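Source: prediction; values computed, not measured. Hydrogens, waters and symmetry mates play no part in the numbers below; they use all other heavy atoms, side chains included.
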Amino acid sequence: MARRAALEISPGMVVNLGIGIPSLVPNFLPPDMHVMFHAENGITGMGATPHAGEEDEALCNAGGFPVTVVPGASYCDSATAFGMIRRGRVDLSILGSLQVSGKGDLANWIIPGKKVPGMGGAMELASKAKKLIVLMSHTDKAGNPKIVDECTLPLTSGRCVDLVITDLAVFKVSNQKLILIEHRNTSSVEEVAAKTGCTFEVQDNVKKVAY
Amino acid sequence: MARRAALEISPGMVVNLGIGIPSLVPNFLPPDMHVMFHAENGITGMGATPHAGEEDEALCNAGGFPVTVVPGASYCDSATAFGMIRRGRVDLSILGSLQVSGKGDLANWIIPGKKVPGMGGAMELASKAKKLIVLMSHTDKAGNPKIVDECTLPLTSGRCVDLVITDLAVFKVSNQKLILIEHRNTSSVEEVAAKTGCTFEVQDNVKKVAY
Amino acid sequence: MGKLANSFHKIAALNQAMEYFQDGMTIMFGGFGGVGSPPALIGAILEKDLKELTLIGNDTGFPEIGIGKIVSRGMARKVIVSHIGSNPVAGKLMNEGLLEVEFSPQGTLAERIRAGGMGIGAILVDIGLDNEMVIQGKQQFILNGRDYLVEPALTAEVSIVYARKADPYGNLIYDKSARNTNPLVAMAGNYTIAEVEEIVPLGALNPEEIVTPGVFVDMVIPTCGVNWKWAWE
Amino acid sequence: MGKLANSFHKIAALNQAMEYFQDGMTIMFGGFGGVGSPPALIGAILEKDLKELTLIGNDTGFPEIGIGKIVSRGMARKVIVSHIGSNPVAGKLMNEGLLEVEFSPQGTLAERIRAGGMGIGAILVDIGLDNEMVIQGKQQFILNGRDYLVEPALTAEVSIVYARKADPYGNLIYDKSARNTNPLVAMAGNYTIAEVEEIVPLGALNPEEIVTPGVFVDMVIPTCGVNWKWAWE
C-alpha cells in the first residue's frame, strides 16, 4: 500500500504523512526527488529515520519518533506548521482511517464508548490538504467493510477523501462518487465488491496491479 | 520635557517612544539602566542614533530613521511587536498629541478636513501600554489650550492618558480627574490655569521644577 | 557572576519559580508528545503535589513523559489539549469522570494559544464545523457568507516552557523540533517561566536568531535535563 | 549552476516574475516606511505601468521610496494601510477622490495579513472600538461579555517581499528591522515572490534561523539593490 501511495507523489510536493503505514511511504521514493515532508510539530523537510544510537530527542516527528532532516529543512512553531496546512500549502496528506464513505467522508478519530483519543491534527489535514489519500486495510479485523455507504463512526471531516488505497484495491472519489481504478492482480472486481460496504463505479480500463 | 519624561522610566522597563520629542527621552537616561526600547516594526532593544556615515538602511526605527541596538536586542515581525503591546508587555508609551482631555482622552491622529494621515500604531499603544505619557506643548501655535474639557478632534483612544507633560506643567490623570502635580518654576498655578482648557485639581504639595 | 550579571533580575532558582504555583491554577505548558516540555518544572510541580490544576497544551504526553506525569497522578481537574491518545491513564481518568477534557483541533489550539499571547480575543476558523465535539459550546459567525467557529484565545496564570538557550533578558532560542508549541506558550502566560539548557551572557545571542523575545519571559531557570525515558528508547 | 541547482524550480529572473502581474489585481507588499520593500519588483511594476491596483501593506512609503513610487504615480485604485503620513502625494490623491484608502490600526493590519497567511478567517480585537473610522463597515461580536471588532483576514493574488538570503527552496532570512511585515506578507500571497540580496545553496541556511519556510514562497529573484534615496540621507 505504501508503495502504491508513493506513486502519487511528484517532485516539489509538500507532503504530510500520518502515523503507521503512511509513515513508510518515503521508503518507496527515488532519492533526490525533492519532496518536502512536513510535520505538525514544526518540521519542513524530514528525512530518513536515524540509525540506532544516533537519535536526537529534540528532533522527532509529530508521533514522537526520531527523524532526521534534509538540506533545505526548517523548523517553525506548531501554529505556523498548521498555517501551512490551512493555507493550502500542503499538497498531499496520507492518513490511515477507521472508515471511509463512498462520498469521501473520513472517520478516523474516535470509536464512541471505546476510544476517544482526540482529533490531534487530523481535521486540519483532512479538510485543508490539497489532496487526501487514505491508506487502510480493506476490512476490519472482523472482516467488516471499512468502505461504507455512510460512516457509522463520527466524522473527522466530510467530503475530503480523494483516493483510497487498500490491500485489495484503489478507488478515487470524484464528485462524491466512488470509482474503482485498480485492484490487486490476485483479486477481482467481484471480490472487491463483496468486501466493500457500498456500490462503486468501475473505471473502463481498471488496472490489475501487483503491489 | 524629554528630561522630565525620562524620570518616569525605571530599570527593566519596556518602553515605546513616539516620533518627535519623545524620541529624545533616551538622551536623559543614565547609562546601563537596562531599559528596552521597543519599535513597532519589530525591534526590542534600540540603542543610540548611529554616527553619521554609520547608518544601516536595514536598521531603522518605526519612523524610518537609523538606530542601533543594545546587547540583548532582538528582531521580530511587526505582528509580534504589536502582540507585545496588546498583551500588556509594554510598560510605558510616550507619545505626542494634538489634544488631551481632562478625563485622559487622547486625540493625536487626524485633523478632519486638513490632515488624515492614518492612525499607524497609535491606537494600540494608547489603549494597551501599561502607562501612557503624553509629551506636548501646553498650547497650540495660535495659543489655544491643548488640554481641554472634551477633545474637539477625533479620539485616538479614550480614557488612556496617565500623565501629561508640557512645557509649563505636569498633570496626572487619576480616575478621569486631571491633577496638577508640578509646574515650571518660571510659571505659576494661575498661568497654567489660564492656558488650560479645563479645570483641574492642584495637588497639595505641588512642585515647582526647573526643566 | 561577571558577564552573566543578572541585570534584569530574571535568572532564578527552581525553588523561586515554585512560589508562583498553587492549587486550582491554570498552567500552560510547552511541548509536543513530551518533546520540549520542561522536566525540572514538571518534577517540582509533582513534588509540590498540587491539586485541581487546569492544564493547557498540545497533548497529555505519555504516562511517564512530560506533562503526562502530572496528569497521570490525578493532579489536573481539566485539560485543554488536541489529543490524549498517547496517555491511556488520561483516557481512563476521563472515562471515570475524574478528568475533564476539552479537545481542540491541534492547529486551532496552537492559534488559540498564540491569540492569547498576542492580546487577541478570538480567531475565526472553519475547522471542525461539521464536528459535534468541536462545535460544542462554541459560537458561530458568518463572514462574507461563510461559516466560522469563534475560537476563544487561551491564556494562563503561569506558562512553563523549555528552551535551548536564554540570555539574562530571557531571550530564547529552541532546539530543533523541541521548539513546537513553546514560542506560543511563552507568549500566552501572564507569568512565563523558561527552563533552559544554557544561560549565556547578554549579547551572546544573535538578535536575528532569537525566537522568543525576552519581553514575554519573566523568569529563567537552569534545567536538570530530561529525566524520563522516551517511548522510542 | 552546480550547488545552486534550481531543484525546486523557484529561482527565476525578474521578467519571469512580471508575468504574474496585471491591471486590477491585488498586490501585498512587505516593508515599513519603505525599509524592507523589494526595489526591483517595484521598479518593474512601475515600468509595466499597471492600472487599478489594490495594494495592501503597512504604509504608502514616501513619494519616491518603496511602494510610494507606485502610489504616487496613480497606479493604485485602493490601498489598505495603517497610515499615509509619510507620503503627501497619497494624501493628495485621497482628497481628490482618486485613491480609496482603508485605514487599519497597524497591529490589527499586521494580524489581518498574518491571518490570511495562516488560513484563518478573521480575528477579534478590541482596538479602535471607539473610533468611527475603524469600526466603519466592520461587524462587532460580544465574547464573554466583552465587545470586539471582527477584523477579516487579508490575502492577495501576489505578495512581494524583500529578504537578505534565500535558498533554492525559497527559505528566507531577513536583515534586521527590514524583516518587519515581510514574513507576514510572504505567507498571505496566493503566489509569493521574494526578491533577495543573496541566493545560497540548499542546506546553507541553518534550519533554526530560517524565518519564512520556503513552503510559502513560490518564486525567488535576485535584487538589484535599493535604488532610492532614504529620507534620512
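Using a 4.0 Å cut-off between charged nitrogen and carboxylate oxygen, A/Lys172 and A/Asp162 do not count as a salt-bridge pair. Salt bridge status for A/Asp167 with A/Arg4: absent, with no side-chain N to carboxylate O gap under 4.0 Å.
Of all residues in residues 57-65 of chain A, those placing a non-hydrogen atom less than 4.5 angstrom from a non-hydrogen atom of chain C are A/Glu57, A/Ala58, A/Leu59, A/Cys60, A/Ala62, A/Gly64, A/Phe65.
For C/Ile84, the parts lying under 4.5 angstrom from a heavy atom of chain A are both the backbone and the side chain. Looking at C/Asp175, the atoms closer than 4.5 Å to chain A (heavy atoms on both sides) sit in the backbone and in the side chain alike. Looking at A/Lys128, only its side chain comes within 4.5 Å of chain C, counting heavy atoms on both sides. Within the 4.5 angstrom heavy-atom criterion, only side-chain atoms of C/Trp230, from C-beta onward, approach chain A. With a 4.5 angstrom heavy-atom cutoff, C/Val134 touches chain A only via side-chain atoms.
The residue among C/Ala231, C/Ser86, C/Ala178 with the most heavy atom pairs within less than 4.5 Å of chain A is C/Ala178. Between chain C and the residues A/Gly113, A/Pro66, A/Cys76, A/Pro154, the largest count of heavy-atom pairs under 4.5 Å involves A/Pro66. For chain A, the option among C/Ser177, C/Gly128, C/Gly33 with the highest count of heavy-atom pairs below 4.5 Å is C/Ser177. Residue with the most contacts toward chain A among C/Asp126, C/Asn87, C/Leu109: C/Asp126 (heavy-atom pairs, distance under 4.5 Å). Residue with the most contacts toward chain A among C/Pro105, C/Gly34, C/Ala110: C/Pro105 (heavy-atom pairs, distance under 4.5 Å). Per-residue heavy-atom pair counts under 4.5 Å with chain C were compared for A/Leu155, A/Val116, A/Ile110, and the maximum is reached by A/Val116. Chain A forms the most heavy-atom pairs under 4.5 Å with one residue out of C/Thr108, C/Val101, C/Thr60, and that residue is C/Thr108. Ranked by heavy-atom pairs shorter than 4.5 Å toward chain C, the options A/Gly83, A/Ala126, A/Ala79 are led by A/Ala79. Most heavy-atom pairs under 4.5 Å with chain A: of the set C/Ser104, C/Pro88, C/Ala90, this distinction falls to C/Ser104. The residue among A/Gly120, A/Gly42, A/Ser74 with the most heavy atom pairs within less than 4.5 Å of chain C is A/Gly120.
Within the structure, side chain to side chain donor-acceptor pair (under 3.5 Å) pairs that include any residue of residues 82-92 of chain A comprise A/Arg87-D/Asn190, A/Arg89-D/Asp218, A/Asp91-A/Lys130 (at least two apart or interchain).
Using a distance-only test at 3.5 Å, with no hydrogens or angles considered, a donor-acceptor pair links the side chain of A/Ser101 to the main chain of A/Asp105.
No option in C/Glu157, C/Glu102, C/Arg77 other than C/Arg77 meets the side-chain hydrogen bond (donor to acceptor under 3.5 Å, both in side chains) test with C/Thr54.
To the nearest 0.5 Å, atoms CD1 (C/Ile160) and CE (C/Met219) are separated by 13.0 Å. Going from atom NZ of A/Lys146 over to atom CG of A/Asn108 covers 10.0 Å, rounded to the nearest 0.5 Å. Summarising the geometry, atom OG belonging to A/Ser97 is positioned 4.0 Å from atom CG belonging to A/Leu106; distances are rounded to the nearest 0.5 Å.
A/Tyr75 places none of its side-chain heavy atoms less than 4.5 Å from the side chain of C/Asn180. Counting heavy atoms from C-beta outward, C/Phe62 and C/Glu64 have side chains that stay 4.5 Å or more apart. Contact check for C/Leu46 versus C/Met75: side-chain heavy atoms found under the 4.5 Å cut-off. Side-chain contact between C/Leu129 and C/Leu149 is present, with at least one heavy-atom pair separated by less than 4.5 Å.
Aromatic ring pairs are classed by plane angle as parallel below 30°, tilted from 30° to 60° and perpendicular above 60°; the pair A/Phe171 and A/His138 is tilted.
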